[in-house]
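Every chain is numbered from 1, with letters handed out A, B, ... down the list of sequences. Just so it is clear, the model here is predicted, and its values are computed rather than measured. Side chains are part of it too, since the values below use all heavy atoms of this structure and drop only hydrogens, waters and symmetry mates.
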Protein chains: 2
Amino acid sequence: MTDHGSAEHVLAALADPTRRRLLDLLAARGEATATVLAAELPVTRQAVVKHLAALDRVGLVAGHRRGREMRYRVLPERLSATARWMDQVAAQWDSRLSAIKRIAEGGS
Amino acid sequence: MTDHGSAEHVLAALADPTRRRLLDLLAARGEATATVLAAELPVTRQAVVKHLAALDRVGLVAGHRRGREMRYRVLPERLSATARWMDQVAAQWDSRLSAIKRIAEGGS
DNA sequence: ATTATGTGCAACTCTGAAGTTGCACATAAT
DNA sequence: ATTATGTGCAACTTCAGAGTTGCACATAAT
């Protein structure tokens, strides 16, 4: 149920350090299975599987079967979209603050 | 101990929905106290205080005394910096993936 | 056919963090 | 001086999710 829209959920997914390491490993390899990834992390395969499921839910990774194994790859679009969203929010804060400042100064 | 550097911690701070609403309220007002903010949220003042402390730790807000009250304001720089960082990571993923694709195709 | 390797599901533990309540202290207001 | 409003600290409860183990099932390999 790949949750489209809402950068909020992407943030929650990125909040976990293990998940971030996972994404880096995936990005470096282009494609990998949960078993391979678990070998390079201090957690079990099952933990990796759950993390991949979480990342899939928010659209940061996608998986497809290859024979008996399940290969995952990273989806950069989702991340860059979230970055753009975040930048807009920052800009919004900025304009709001400068507007308030203008009123406070020039005032009457 | 305003944790400078590391966009990772900013992500963790932004992961919480209450914290995001808090930031929006703050940005809209320019400045506000924990008591005022709590009045507009479904949580107690104490919860708000803890959230503000968390946001302060990662540099997303800053507080200063004004008489007997503690006023907080939002810091847009931290957010835009995190957005830039995130965009760079996305670009890194992209280049990594296209490099792998190039090797897989033309190869030699 | 049998062995090995990989995936998928379920039940369980455990820690961190979100939220609460209660109270003491500080600064205004009357 | 007394009352009201606001902050700060500490102890407590609750719950989601990160991680585990165990086992059943699927697909290769020999």
Strictly distance-based, threshold 3.5 Å: is any side-chain N or O of Arg21(A) a donor or acceptor partner for the main-chain N or O of Leu41(A)?
no
Under 3.5 Å on both distances, the Watson-Crick or G-U partner of dA26(C):
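Checking every strand shown, dA26(C) finds its partner in dT5(D), with both distances under 3.5 Å.
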Applying a 3.5 Å limit to both distances, which nucleotide forms a Watson-Crick or G-U wobble pair with dC14(C)?
dG17(D)
Compare all side-chain heavy atoms of [X] with those of [Y] and state whether any distance is below 4.5 angstrom.
{"X": "Leu14(A)", "Y": "Leu60(A)", "result": "yes"}
{"X": "Arg71(B)", "Y": "Arg29(B)", "result": "no"}
{"X": "Leu22(B)", "Y": "Val61(B)", "result": "no"}

Quick one: [atom1] on [X] to [atom2] on [Y], what's the gap to the nearest 0.5 Å?
{"X": "Glu69(B)", "Y": "Arg65(B)", "atom1": "CD", "atom2": "CZ", "value": "9.5 Å"}
{"X": "Arg96(A)", "Y": "Asp94(A)", "atom1": "CZ", "atom2": "CG", "value": "13.0 Å"}
{"X": "Arg73(B)", "Y": "His64(B)", "atom1": "CZ", "atom2": "NE2", "value": "6.5 Å"}
{"X": "Leu55(B)", "Y": "Tyr72(B)", "atom1": "CG", "atom2": "OH", "value": "10.0 Å"}
{"X": "Leu97(B)", "Y": "Gln92(B)", "atom1": "CG", "atom2": "CD", "value": "10.5 Å"}
{"X": "Arg84(A)", "Y": "Asp87(B)", "atom1": "CZ", "atom2": "CG", "value": "8.0 Å"}

Where along residues 36-52 of chain B does a heavy atom fall under 4.0 Å from DNA chain D?
Arg45(B), Gln46(B), Lys50(B)
Positions of residues 16-27 of chain B (non-hydrogen atom under 4.0 Å from DNA chain C), listed by number
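Those residues whose heavy atoms fall under 4.0 Å from DNA chain C, taken from residues 16-27 of chain B in numerical order, are Asp16(B), Thr18(B), Arg19(B).
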Taking only nitrogen or oxygen atoms into account, show me every contact under 3.5 Å that the protein makes with nucleotides 26-30 of chain C, one pair per line with its distance.
{"from": "dT27(C)", "atom 1": "O2", "to": "Arg68(B)", "atom 2": "NH1", "distance (Å)": "2.9"}
{"from": "dA28(C)", "atom 1": "OP1", "to": "Arg68(B)", "atom 2": "N", "distance (Å)": "3.1"}

Starting at atom CE of Met70(B), determine the distance to atom C1' of dC25(C), rounded to an integer number of angstrom.
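Computing the Met70(B):CE to dC25(C):C1' distance gives 16 Å.
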Separation of dG6(D) P from Tyr72(B) OH (nearest whole Å)
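Answer to the nearest Å: 15 Å.
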